[in-house]
Structure formats: C-alpha cells, structure tokens
Amino acid sequence: EIPSMNKTVTINRNLKNPKEILVTPNDPEIVKVLKQIEAHPEIVLSRRELIKYVLATPGDRAKEVQALLHFDQIEQVRTSLQRIANSYEKQSTSLETVNAQSRANLLRALNLSELTKEKVLTAANVQRLILGMPPLIDLTESTSLKDGLSVPSPVQQQRIPKVQAIADIKSARDAIAEISGTLTAARVTELISDITALSNDPAIATSMERETFYSSGLKFTETEACPFCDITWDLEKLKTHIHNKLDHLKDISLKRKAVETKIAPLIVIVQKVQATINIMVNYASLTALSKSIQALTEYNSQCINLIKGLSALLPLEETVKVLANLLIVPQPVFDAVGDIEKAIIALPELTKQDAARDWLTVVQERLDVWRDAMRKHKVAKDQAQKAKQASDIYSSASDMVLKGIYEAVEKDFASLYGFVNRDDEDKFQAKLTPSMGKLGFDVDFYGRGFFPPGAYHSEGHQDSMGLCLYLALMRHLLGNAFTFAVLDDVLMSVDAGHRREVCELLKKESIFFLVEISVMAVTPQLSIPLSAFAFL
C-alpha cells in the first residue's frame, strides 16, 4: 500500500528467477517509489543486525553506522589516504637510511665527527694549501672541493687513500660485528618466533597473501577493467570493491605492520653491511686480491637477497629462512677484510702532495654521493609530509563533520530511548564519539557515569537501544521521508511493559512498519498475519 498515491501494489517474484519481479500495476510512478525503497536496503534489519550498532567494537560500529548513513566512502577515502601516507613514509625511511650511510662514509673520509660547513671548509683548505691551491671561501651545493686540481693522466694507476681505507676497513668490521652480534641475534630470535606463530595459522598466512594480492592490484587499477581478469568495471566501483576486501583484512594488516616494524631495523643493519662490503670490493680490486673480490661479491649478493626477502615478508616460511641466514657471515668474508687490511698497511707512505690529492678526490666523490642522497631524501620526506598532512586534514575534517552529525543523532537517540524507558530513565544521556575511523558509544547508567552499553544494561535494554539508535540514524538520513521499515524480531528480549512503550513511540513518530514476528510479540491479542502491513 502506498498511502501518498492511495494505491495498492502487488509484487510477484519466483525462485526460478529471483532477481526478476513483476509489478502490478506497472506504472512509472509506482516503479519510482519502489526504486526509492530499493535504494535504501537499510530499512530492512533483523535483531542480529540491529544489535551490532550497540555491541560492536568502535571500528566495526563506525563501518556499520556509516554504511547505514551512506557514508561508506568517507572511511574508504580515509583508508586510502592513510595507505598512501604510509607508503610515502616507508619510502622516506628507506632513503633516510641511504642518506645516513652516505653521510657516515663522508665523515670517515673527512676524519670528522660532525658535519658542518665550517669544519668541511677548514679540512679541505688544509689539503688545498699543501697543493698550492687557493682556499675555498664558501661551500654551496655546487662547490667542488677539488676545484682547480689537475686531472691525472689516463695511464696513471689509481692510488688507494691509505688513511681513508683503514677507516673504511674498521667501519666494515664494526658492521659485520653488529650483524653477527648478540643484540641482532636476539631480535632475529624474537622475529622468527612471531612469524612462525603467524605461519602456523593457515587462515592468517592466506589472508596476508590475499592482502598483498589486493594491494598490488589496487596500484594497477587505472583503467575501467580489472587488472586481474580484464573484466570491464566502473573504475570507482572497482576501487570500492577492492577497498572493501582490504577493510575486511584490517586485523591482518595490523599484525603484518607489527612484524614489518620489527623487521625494519634488521634491514637497516643489512644495508649498512652491504654498503661497507661494496667499498671493500673496490679496495680488493685496487689491490688485485681476486680471491677476496669473489668472497666479498658473493656476500654482497647475499645481502641484496636478504634485503629483498625481509622487505617482501611473504611467503612467511621463506622469511623465516632468510632471518636464519641473516646472522651467518661466511668465514671467507672475514679473511677477505683481513687480506685487504694487510695489503693497505703494506702500501708505501705517500708524499704530502699525493695524500692531499687523494684526500680531495675521495672526499669530493663521497660529498657528491651524500648530496644526491640528501636531495632524494628531502623530496621523499616532503612527499611523506604532504601525504600525512592530507590524511590528517581529511581525518580531522571528516571527524568534525561526523561529530556534528553524531551529536544530533545522540540527542535524538537519548530522547527516543528516554521515552521508551521513561518510567526510570527519563533523564537518559548518550555519547557518540568519532575518531580516526572509529565510533565510540557510551551511555548513562542512572547518573553514575557513562559506560559501554554492554557493561551494565540488560539484554532487553540493549535491544531497545539498538532500535532507538536505528530510528535516530534513519531519521537523520531520510528526515520526514522515513515512514517505512522492516524489522525482524527486534523486541524479543524486551519485556511486555516496554514493548507497549515502543508501540507508543512508533505511533507517536507515525512510522509504517512491515513487521513479522515482532507484531505478535508487541500485541499478542491481535490476530495479524505474518508479513502484513501494520500502522502503529
């Protein structure tokens, strides 16, 4: 029955073709009304669905309520912005490590503990003075410390800067000692235990792989076709579909992030070792130690594989193997570093002019590397800051808007619930608090403070809370247009007295309901067929 049109409509549907309906009479105006109802699936709820608004966790409650209010995309956009910000932050952190390593290499070459313009200029001018070159007045981004230095002829063999080489060898030994030390071993043992626990649960392991699968696909979702099967989709609907799947894996994502946070320091240690080993390979080449070159090159490849394996994380079983191999530094690597040190020490002492020339050459090379690393890190850091700022602004703005909406809803909810329970809770109050994709819900308990609904209120009170919160939310969504809903068993645990109060409330609010078992529970004296329209 459509009261505004004074018409009765019959809708036929059969199990053979459940998506096909036959509307009689099939007038455009009637179809328009039915389409409007179809656009609001939230008008149909069972007790099981209704109670979610009351007893769900803040994160799940936010999703349920926002879906009811058609605010799903708010959380999807927030999650996407957060994911982008995390991605840029991860990239920035990686480049920060490279920047720190190149800075440390430069400080070793300079033989300084602090990198300042004044100290670098002083050290460089001492060497330039030895070579009879004019001092540098300023150090800018384009300044070359060896400006004016004569270029050696191609036939000249490259010399090894002895002082810098000895400092680099010490750095390599320190890095190797760190990766094979007790502190790293303790970190590895803890990580292996955590990852093994995850891999022993097939559901978690599969879900982590699925999350990676969806996240990878999302990056390639640029055209109106699924990147996995090439089926044509509406681009926004496809992204929403993938985001929904990722949202269901949010708990798995948190566990993965916790493991990745513990892995990050180990990746930095391996990167530090790899950087020093690269320098050792160069010295082994200059001293013609072919056996050392082979050992160091093989270990360098091992370090690259370690970094790739730890960064990938999946499959978990492979990561456990990678971690077990991380602590192992082959003996030939120790021997190679020792042989290089012996060869360097055996080199004849250079003249002051040759030493100054080599010093300027090495320092300038490392200064260029550091400048490049610093520029890349600055760009990545700026991107990460902007992405985080965008994410924070959106979260703050959406929370502010949602707070205003929830404040209006909570007042309406308190009024409705207070009416139903006016015999003892007529001064009832409630708080709906949005925050970063969550929705807190606390209710007053006889003036003793605010608590979660499940803390002290009975099951019957919780059910009536669910109904009243639903009515308040729907009234905010549809306003005066909210006159129809389908509720199933929503008052089963509510006592007879309060069921009558619910009837009074519905009558007072003039809402049409298509009620099933609920009608029999509310007014057992009436003989109303199931699934009949009732005006309460």
Side-chain angles (χ1 to χ4, degrees), residues 1-14 18-50 53 64-65 67-71 405 408-409 411-420 422 463-492 494 496 498-536:
E1 183 181 79
I2 305 177
S4 62
M5 301 172 65
N6 195 25
K7 289 185 178 181
T8 300
V9 183
T10 303
I11 302 173
N12 289 323
R13 190 171 64 161
N14 62 65
K19 292 185 179 181
E20 295 181 9
I21 63 171
L22 179 62
V23 179
T24 308
N26 194 13
D27 297 340
E29 292 182 352
I30 291 176
V31 173
K32 183 179 179 181
V33 171
L34 296 179
K35 287 291 183 182
Q36 183 181 359
I37 296 296
E38 185 183 16
H40 291 281
E42 66 275 1
I43 65 171
V44 183
L45 281 178
S46 66
R47 177 185 180 274
R48 183 183 66 255
E49 295 166 320
L50 202 62
Y53 302 130
E64 294 290 341
V65 170
L68 179 68
L69 294 175
H70 291 203
F71 290 163
I405 293 172
V409 169
K411 289 178 183 176
D412 199 15
F413 159 69
S415 174
L416 295 172
Y417 181 82
F419 180 89
V420 173
R422 60 184 183 274
D463 278 356
S464 58
M465 280 184 197
L467 176 61
C468 291
L469 181 56
Y470 167 75
L471 293 176
L473 289 166
M474 288 300 295
R475 194 148 61 177
H476 179 85
L477 176 64
L478 298 178
N480 294 332
F482 178 51
T483 59
F484 178 80
V486 183
L487 302 178
D488 180 14
D489 289 349
V490 296
L491 298 175
M492 289 297 288
V494 179
H498 287 101
R499 286 202 297 268
R500 297 184 194 280
E501 296 298 339
V502 170
C503 289
E504 287 294 331
L505 174 67
L506 299 178
K507 181 179 179 181
K508 171 177 171 284
E509 299 299 331
S510 300
I511 299 175
F512 280 89
F513 277 86
L514 170 58
V515 245
E516 297 179 4
I517 303 173
S518 300
V519 170
M520 305 306 291
V522 175
T523 53
Q525 72 275 18
L526 296 179
S527 178
I528 299 177
L530 296 182
S531 299
F533 284 100
F535 175 59
L536 304 179

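Bear in mind the structure is a predicted one, so any value in this text is a computation, not a measurement. Excluded from the calculations below are hydrogen atoms, water molecules and symmetry mates; all remaining heavy atoms, backbone and side chain alike, are included.
- Side-chain atoms of Arg499 come within 3.5 Å of backbone atoms of Val494 as a donor-acceptor pair (strictly under, hydrogens ignored).
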Trace of the side chain to side chain contact (heavy atoms under 4.5 Å, CB included) decision for Lys35 with Val31: CA-CA 6 Å; Lys35 287 291 183 182; Val31 173; 4.1 Å; yes

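- Distance check: Leu505 CG to Ser415 OG gives 8.5 Å after rounding to the nearest 0.5 Å.
- Counted within 6.0 Å of CZ on Arg13, heavy atoms from surrounding residues, nucleotides or ligands total 12 or fewer; the atom is thus considered open.
- To the nearest 0.5 angstrom, Thr8 atom OG1 is 9.0 Å from Ile30 atom CD1.
- Heavy-atom minimum distance, Ser46 versus Val490: C-CG1, 4.2 Å.
- In this structure, Thr10 and Asn12 approach most closely via the heavy-atom pair CG2-OD1, 3.9 Å.
- The shortest non-hydrogen separation linking Tyr53 to Leu469 is CB-CD2, 3.8 Å.
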Worked verdict on Leu467 versus Asp463 for side chain to side chain contact (heavy atoms under 4.5 Å, CB included): CA-CA 6 Å; Leu467 176 61; Asp463 278 356; over 6 Å; no

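- Among all heavy-atom pairs drawn from Asp412 and Ala472, the shortest one is OD2-CA, 3.8 Å.
- With sequence neighbours left out, the side-chain contact (heavy atoms from CB on, under 4.5 Å) criterion links Lys32 to no other residue.
- Atom CG of residue Leu22 and atom OG1 of residue Thr24 lie 4.5 Å apart, to the nearest 0.5 angstrom.
- Separation of atoms CG (Asp27) and NZ (Lys7) is listed at 4.5 Å; rounding is to 0.5 Å.
- A distance of 5.5 Å separates CD1 in Ile2 from CG in Leu34, rounded to the nearest 0.5 Å.
- Annotation: ring-ring contact (aromatic ring centres under 6.0 Å, His included) contacts of Tyr417 (sequence neighbours excluded): Phe428.
- For the atom pair CD1 (Ile21) and NZ (Lys19), the distance works out to 13.0 Å, reported to the nearest 0.5 Å.
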